[in-house]
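A short worksheet on the structure shown next.
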There are 2 protein chains.
Amino acid sequence: MTQSHEELPPLGYLLTKLARATTVRFAAAIATLNVHPRHYGALVTLSQDASANQHRIAQLLGIAPSAMVTVIDELEAMGAVARLRDPKNRRQFILEVTAEGRTLLARATQLGNEVDDDVWGVLTPEDRAILHQRIAVVAGRLD
Amino acid sequence: MTQSHEELPPLGYLLTKLARATTVRFAAAIATLNVHPRHYGALVTLSQDASANQHRIAQLLGIAPSAMVTVIDELEAMGAVARLRDPKNRRQFILEVTAEGRTLLARATQLGNEVDDDVWGVLTPEDRAILHQRIAVVAGRLD
DNA sequence: TATTGTTATACTCTATAACTATA
DNA sequence: TATAGTTATAGAGTATAACAATA
């Protein structure tokens with residue numbers, strides 16, 4: 001047990017600081033694809049839960065449903081997502097990630113991984129992989 | 001080596017998602033002290049680098065120098081920070097964290113740790129301590 | 001009457017540029 | 001001429017509330 005542990009700022013605070021710095025770099029990287037982090041988040045979430053409607057995606061992303069409209073509008077304009085009326089419930093859309101959307105997601109993820117290399121390069125690959133996996137677990141439990 | 005690792009979204013993206021959820025909880029917790037996350041960040045940074053002026057703090061926090069003015073104004077109004085003119089260079093201030101400021105920081109940190117318990121409770125204490133330490137290392141290298 | 005998506009609007013946050021004083 | 005702090009202002013981002021279509 002290290003004595004210094006108690007004196008670290010809360011994990012959540014350190015995370016916020018890191019997230020902010022990382023987002024700036026990530027945003028700059030994917031701007032070359034004409035994609036905003038907002039679009040990336042929606043694409044990731046849509047890919048993970050194909051049955052989600054716009055309200056559900058907004059909830060998962062932690063933003064207002066009204067804010068989703070523009071994001072999906074833009075993804076649709078890029079040809080990354082298609083709005084298909086659900087015949088079972090015509091109030092809502094089935095949000096389909098197109099082949100183009102999957103390609104875009106893959107490219108943005110690649111750029112994100114390069115930013116990761118830059119920011120997290122001080123850790124050994126093993127440490128980083130373990131960290132990555134644990135963060136994924138915790139992030140997945142938030143929903 | 002796990003095959004699934006390659007398919008995780010970038011660490012930076014997961015972090016941003018976690019940071020967002022955590023900040024909402026942290027902000028709600030420290031609101032009981034009439035403190036905003038912004039104030040907390042400035043207090044932490046000031047405590048870590050006593051010689052920093054407002055421009056330097058803004059740089060470390062990744063915000064515009066003009067945005068610091070209100071933050072320091074509010075911290076001063078709370079009695080948490082004192083602006084003392086530097087006699088060596090009267091353009092800048094020495095920003096002193098008061099005893100009251102240190103108490104406030106400790107209380108807010110305590111609340112932040114409780115939020116951490118809530119969010120990170122799915123990890124074992126050992127895993128979490130290692131994670132915390134590594135995150136602190138990476139966050140510290142950003143400056 | 002409730003739900004899904006949408007629009008209109010207001011509010012918060014942040015950045016940019018111009019100003020004062022000091023160097 | 002450059003730097004530290006400040007002020008004014010504009011832009012981006014976000015949330016809230018009201019609305020239309022559907023259930």
Side-chain angles (χ1 to χ4, degrees), chain A residues 16-17 19-28 30-31 34-42 45-46 49-77 81-96, chain B residues 16-17 19-28 30-31 34-42 45-46 49-77 81-96:
Chain A
T16 300
K17 197 178 163 191
R20 180 167 190 137
T22 306
T23 297
V24 169
R25 296 169 201 228
F26 181 54
I30 65 176
N34 293 318
V35 174
H36 189 276
R38 224 175 313 130
H39 303 133
Y40 183 77
T45 307
L46 276 173
D49 187 352
S51 70
N53 61 23
Q54 289 186 200
H55 271 72
R56 177 65 180 147
I57 299 290
Q59 185 189 24
L60 291 173
L61 292 173
I63 67 177
S66 61
M68 281 307 301
V69 177
T70 309
V71 177
I72 303 294
D73 279 354
E74 289 162 349
L75 285 171
E76 204 176 22
V81 163
R83 278 182 171 104
L84 311 171
R85 278 288 173 197
D86 184 349
K88 302 280 178 52
N89 182 348
R90 294 191 320 189
R91 286 175 304 188
Q92 68 185 5
F93 293 115
I94 294 168
L95 296 167
E96 188 185 72
Chain B
T16 301
K17 197 177 162 191
R20 180 167 189 138
T22 306
T23 297
V24 170
R25 297 170 201 228
F26 181 53
I30 64 177
N34 294 317
V35 174
H36 189 276
R38 224 174 313 132
H39 303 132
Y40 183 77
T45 307
L46 276 173
D49 187 353
S51 70
N53 62 24
Q54 288 186 200
H55 271 74
R56 177 66 179 146
I57 299 291
Q59 186 188 23
L60 291 174
L61 291 173
I63 66 177
S66 61
M68 282 306 301
V69 177
T70 309
V71 177
I72 303 294
D73 280 353
E74 290 162 349
L75 285 171
E76 206 177 19
V81 163
R83 278 183 172 102
L84 309 171
R85 278 287 173 199
D86 184 349
K88 303 280 177 55
N89 182 348
R90 294 194 318 192
R91 285 176 304 189
Q92 69 185 6
F93 293 115
I94 295 168
L95 295 167
E96 188 184 72

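Within every chain, numbering begins at 1; the chains are lettered A, B, ... in the order of the sequence lines, protein sequences first and strands thereafter.
Sorted by first then second residue, the side chain to side chain donor-acceptor pair (under 3.5 Å) pairs that include residues 59-72 of chain B, not counting sequence neighbours, are B:Arg56-B:Gln59.
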Expected rows: protein N/O vs nucleotides 3-5 of chain D N/O, under 3.5 Å:
residue, atom, partner, partner atom, Å
D:dT3, O4', B:Arg91, NH1, 3.3
D:dT3, O2, B:Arg91, NH1, 2.9
D:dG5, OP1, B:Gln54, N, 3.3
D:dG5, OP1, B:Phe93, N, 3.3
D:dG5, OP2, B:Gln54, N, 3.1
D:dG5, OP2, B:His55, N, 3.0
D:dG5, OP2, B:His55, ND1, 3.1

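A straight line from CG of A:Leu61 to P of D:dT14 spans 11 Å, rounded to a whole angstrom. We find that CG of A:Asp73 is positioned 15 Å from P of D:dG13, with the value rounded to whole Å. With rounding to whole Å, A:Ile63 atom CD1 is found 7 Å from D:dA15 atom P.
In summary, contact between chain B and DNA chain C, defined as any nucleotide atom under 4.0 Å from a heavy atom of the protein, begins and ends at C:dC13 to C:dA23 in the 5' to 3' direction.
Between B:Ala19 and A:Ala19, the shortest heavy-atom distance links the atoms CB-CB, 3.7 Å. For the pair A:Met68 and A:Leu61, the tightest heavy-atom approach, listed with the atom from each and the gap, is SD-CD1, 4.0 Å.
Phosphate proximity of D:dG13 to A:His36: present, with a side-chain N or O under 4.0 Å from OP1 or OP2. When the side-chain nitrogen and oxygen atoms of A:Arg90 are compared with OP1 and OP2 of D:dA21, none of them lie within a distance under 4.0 Å.
Scored by the salt bridge (charged side-chain N to carboxylate O under 4.0 Å, His left out) test, B:Asp73 finds B:Arg83 as partners (sequence neighbours excluded). Not counting sequence neighbours, the partners of A:Glu74 by the side-chain hydrogen bond (donor to acceptor under 3.5 Å, both in side chains) test are A:His39. For B:Thr22, the side-chain hydrogen bond (donor to acceptor under 3.5 Å, both in side chains) criterion is met by no residue, not counting sequence neighbours. Residues meeting the side-chain hydrogen bond (donor to acceptor under 3.5 Å, both in side chains) test with B:Thr23, sequence neighbours left out: A:Thr16. Not counting sequence neighbours, A:His55 has no partner by the side-chain hydrogen bond (donor to acceptor under 3.5 Å, both in side chains) test. When the salt bridge (charged side-chain N to carboxylate O under 4.0 Å, His left out) test is applied to A:Arg91, no partner is found at least two apart in sequence or on another chain. Judged as a ring-ring contact (aromatic ring centres under 6.0 Å, His included), and not counting sequence neighbours, the contacts of B:Phe26 are B:Tyr40. Residues forming a salt bridge (charged side-chain N to carboxylate O under 4.0 Å, His left out) with B:Arg25 (at least two apart in sequence, or on another chain): B:Asp118.
Among the heavy atoms of the strands lying under 4.0 Å from A:Ala64 is at least one base atom, whether or not backbone atoms are also near.
Terminal axes of the helix from C:dT1-D:dA23 to C:dA23-D:dT1 (five pairs each, C1' rotation axis) are separated by 10°, to the nearest 10°.
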